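First the structure, in the form of structure tokens, and then the observations on it.
Quick caveat, the model's predicted, so the values are computed rather than measured.
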Amino acid sequence: MLEVPVMLTTYHPQFTVPSTRPIPAELLLAECGRMRLPDWWAVEMLAEHRVLTTAQLTALGFATTTASATRRLAILARRGWIDRLWNTGTAVTADTWWCLGPIGAQLTPLGEDHDVPPAQVYRARDRLRQHAGLPGLLQANDFFVDLATHALTEPGSDLRTWWSPRTCRYVTGARHAAWHGEYIHDRDRHAFWYQPDPGEIRPADLADRVHAYRRLAEQTGLATLLFHAADPQREQDLRRYLERRNTRHLTVVTSNPEHGHPADPVWQPIGETHRLALTDLPHTPEQWPPDTVTFKQVRPQAPHPIYDPERPYEESVADCEYHYPPRP
């Protein structure tokens, strides 16, 4: 009986025992040479959004099937580019949460010019597991992935922009976490701020955040704010407090997951009883933000949230020169 050869992946000592020394330059160069274009995109997405699942990365275009994405992500994890956030001790599945690994953190620095040793990356991973803001982060990522997958089924639609709080701070300077998105449909741009509801914050305190967005609207010209409540009762409580706040010069709308998909007519403006679709919200006349409101260069640039190697350039869907092909 013939024996089937088994391909073994050799773990570098840097990753089997968390090292306090920077990763050697020769290892970084060798690893860069083994990367594919979808791999770079996935690492950049994790640098921007911190946590994504196998299923989410697959839906956004990393691979054609969950099985192929699972295999490739496992390879990237063994090589130190990414890491599992949840170590269940079982096989990698579509529900596996991924974050940056030592090499990914080294080659996508978030404002640091110094070397990041593996031990520091693993400590950051462990802190993220217990971080109070993790539920809001997961909720926000689910929201934007839902918008992206919807855009892939609607000709002329695109989730052109998905900024995490890391990138938003270059423009807002805000201390609290803020997300920014831009959804495109039939040449119309709909840019917005997004505020999740992690659940442990009192509705009154969550409603108080509207004051910061009023300042942002005056500062940047972007005045559409989406509050995504955790459930119907939270939305009702949140609306009661928002109606007492000064929302002048802002378009403030609320919803919750039980109303349906975020691209559907699920957004209820403050002071109104009807609900609107995302594409019914105010238009943005041009790509946002204009250079006049960017305090300093955003680096690294947030990647396009949909990976498609056939898209000729980033604005091609917005210019109606390209449509995403139908998905199987």
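- Between the side chains of Arg239 and Thr254, at least one donor N or O lies within less than 3.5 Å of an accepting N or O.
- The salt bridge (charged side-chain N to carboxylate O under 4.0 Å, His left out) search around Asp39 returns Arg72, not counting sequence neighbours.
- Aromatic rings of Trp179 and His228 (six-membered ring for Trp) have centroids beyond the 6.0 Å cut-off, not under it.
- As a member of the Ile/Leu/Val/Met/Phe/Trp/Tyr network built from side-chain separations under 4.5 Å, Tyr322 groups with Leu152, Ile306, Val317, Tyr324.
- Listed by chain and residue number, Pro198 satisfy the side chain to side chain contact (heavy atoms under 4.5 Å, CB included) test with Pro135 (two or more places apart in sequence, or in another chain).
- Under the 3.5 Å distance criterion, with hydrogens and angles disregarded, no donor-acceptor pair is assigned to the side chains of Thr53 and Trp98.
- With sequence neighbours left out, Glu31 forms a salt bridge (charged side-chain N to carboxylate O under 4.0 Å, His left out) with Arg34, Arg79.
- The side-chain hydrogen bond (donor to acceptor under 3.5 Å, both in side chains) check on Arg71 picks up nothing, with sequence neighbours excluded.
- Residues satisfying the salt bridge (charged side-chain N to carboxylate O under 4.0 Å, His left out) criterion with Asp197, sequence neighbours excluded, are Arg234.
- Under the ring pair (Phe, Tyr, Trp, His ring centres under 6.0 Å) criterion, His323 pairs with no residue at all, not counting sequence neighbours.
- Under a 4.0 Å N-O distance rule, the pair Glu218/Arg248 does not qualify as a salt bridge.
- In this view, Val266 and Ser255, His259, Asp264 satisfy the side chain to side chain contact (heavy atoms under 4.5 Å, CB included) rule, not counting sequence neighbours.
- A search for side-chain hydrogen bond (donor to acceptor under 3.5 Å, both in side chains) contacts involving Gln233 returns Asp237, not counting sequence neighbours.
- Take His185 and apply the ring pair (Phe, Tyr, Trp, His ring centres under 6.0 Å) test, not counting sequence neighbours, and it matches no residue.
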Side-chain donor-acceptor pairs of residues 206-216 under 3.5 Å, sequence neighbours excluded:
unit_1, atom_1, unit_2, atom_2, d
Asp208, OD1, Arg245, NE, 2.8
Asp208, OD1, Arg245, NH2, 3.0
Tyr213, OH, Gln195, OE1, 3.0

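- Ser164 and Glu48 share a donor-acceptor pair across their side chains, judged by distance under 3.5 Å alone.
- The six-membered or imidazole ring of His190 lies away from that of Tyr183, with a centre-to-centre distance of 6.0 Å or more.
- Within the structure, salt bridge (charged side-chain N to carboxylate O under 4.0 Å, His left out) pairs that include any residue of residues 50-67 do not occur (at least two apart or interchain).
- Electrostatic pairing of Arg160 and Glu182 does not count as a salt bridge here, judged by no charged N lying under 4.0 Å from a carboxylate O.
- A salt bridge does not link Asp308 with Arg311: none of the charged nitrogens is closer than 4.0 Å to a carboxylate oxygen.
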